[in-house]
Number of protein chains: 2
Amino acid sequence: MNINTYDCGSVKHLSTLFKLLAEPNRLKILCSLGLECRPVSDIIESTELSQTNVSFHLRALREAGLVKPERKGAFIYYCLPDPELLRLLGDFRHWLEEHQKEKTVV
Amino acid sequence: MNINTYDCGSVKHLSTLFKLLAEPNRLKILCSLGLECRPVSDIIESTELSQTNVSFHLRALREAGLVKPERKGAFIYYCLPDPELLRLLGDFRHWLEEHQKEKTVV
DNA sequence: CAATCATATGTGTTAATATTCATATGTGTA
DNA sequence: TACACATATGAATATTAACACATATGATTG
């Protein structure tokens, strides 16, 4: 390995995280949650996805610890245990905008 | 849409970016580049991937503007046009570490 | 405890993506 | 010009992931 090689830590962990975030519907779900806790029915409504599909993606996010379920009666509320994630997403979005600008300039 | 819904901007653009970063070998390539420009042969060596495979992933990264090719004689050097990307990757890695800790605590 | 609502899960199908093999293109040099 | 080297591309296959359908589980209400 070269001395100038950048250390990305465990590439595996990073890539599985990005894989989760790479699915548009999962991103939608995360964004629709925002800083609030919402029942699945809410998520279904705001994302306009099928119940099965939402449940499918929630499972993936849940198992990765990106969302946390909390039962309240018949409903299960989901929230982001660490809202810092939203900041990171914002950073990327911001970078993307800047990056696009540069590309058009160059 | 709820007033508390977090705006992730164009989910589509974000997800295509994450999709690029979700491939372990592409991450490896980005990290192996670091802040330097390197010929493809270097990348092949440090990632231990096949030539075809490296070329395949470089194309994807190139078309998204994440790496930039520059011919020098028979060699083509690739570099990150915007090293800020490495910082973002570092942020995610850092978050991942913290996040893992929390999960074990909780 | 039957009926209903909210959510999850198992299975099969389909679409997307990575990987390899064979080959092409472009560059330097004898 | 012929040859060797660096990299790219096209086609075929393999792997993976999303999605839909049917059904199961768990909670509430009468």
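Numbers restart at 1 for each chain; the letters A, B, ... are given by sequence-line order, proteins then strands.
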Identify whether B/Leu86 and B/Leu58 are in the same connected component of the hydrophobic contact network (ILVMFWY, side-chain heavy atoms under 4.5 Å).
-> yes
Nearest-angstrom distance from the residue atom NZ of A/Lys19 to P of C/dA16 | 17 Å
Ignoring the backbone of B/Arg59, work out which of D/dA18, D/dT9, C/dG10 is nearest its side chain.
-> D/dT9
Of the nucleotides D/dG10, C/dT7, D/dT7, which one has an atom closest to the side chain of A/Phe75?
-> C/dT7
Specify the separation, in whole Å, of atom CG of A/Asn53 and atom P of D/dC19.
-> 4 Å
Has the side chain of B/Ser55 got a donor or acceptor atom that lies under 3.5 Å from a matching backbone atom of B/Thr52?
-> no
May I ask you to verify if any side-chain N or O of A/Tyr78 is less than 4.0 angstrom from the OP1 or OP2 atom of C/dA6?
-> no
Roughly, in whole Å, what's the span from CZ in B/Arg26 to C1' in C/dA16?
-> 12 Å
Taken to the nearest whole Å, CG/A/Leu61 to P/C/dA8 is 12 Å
When rounded to whole Å, the NZ to C1' distance for the pair A/Lys72 and D/dT28 reads 17 Å
Nearest-nucleotide comparison on DNA chain D, the residue closer to the 5′ end among A/Ser50 and A/Ala74 | A/Ser50
Would you say B/His57 reaches C/dT17's phosphate, i.e. side-chain N/O to OP1/OP2 under 4.0 Å?
-> no
Is the B/Phe92 ring parallel, tilted or perpendicular to the B/Trp95 ring (thresholds 30°, 60°)?
-> perpendicular
Interatomic distance, B/Leu49 CG vs C/dT19 P [rounded to whole Å] = 7 Å
Looking only at side-chain atoms of A/Val40, point me to the closest of C/dC21, C/dA18, C/dT7.
-> C/dT7
Minimum-distance pair of heavy atoms, taken over all atoms of A/Asp91 and B/Leu88 = CB-CD2, 3.7 Å
Nearest-nucleotide pick for B/Arg62, side chain only, options being D/dA8, D/dC19, D/dT28 | D/dA8
Tell me: CD1 of B/Ile29 to C1' of C/dA18, nearest whole Å?
-> 12 Å
Does any donor-acceptor pair link the side chain of A/Gln51 with the base of C/dA6 at a separation under 3.5 Å?
-> no
Can you tell which of B/Arg38, B/Arg62, B/Glu36 makes a side chain to side chain donor-acceptor pair (under 3.5 Å) with B/Tyr78?
-> B/Arg62
CD of A/Glu63 versus P of D/dA17: gap in Å, rounded?
-> 13 Å
Provide the closest heavy-atom pair for B/Gly65 versus B/Pro81 in the form atom of the first, atom of the second, distance.
-> O-CG, 3.5 Å
A/Ser41 side-chain proximity, nearest of C/dA8, D/dA8, C/dT7 | C/dT7
Using a heavy-atom cut-off of under 4.0 Å over every strand shown, decide if B/Tyr77 touches base, sugar-phosphate, or nothing.
-> nothing
Among D/dT7, D/dA18, C/dT19, the one nearest B/Asn25 by side-chain distance = C/dT19
Nucleotide of D/dA8, D/dG10, C/dA18 approaching B/Ser55 most closely (side-chain heavy atoms) | D/dA8
Mind checking B/Glu23 for me? I need base, sugar-phosphate or nothing, with any heavy atom below 4.0 Å counting as a touch.
-> sugar-phosphate
Short side-chain N/O contact to C/dT19 OP1/OP2 from B/Thr52, under 4.0 Å = no
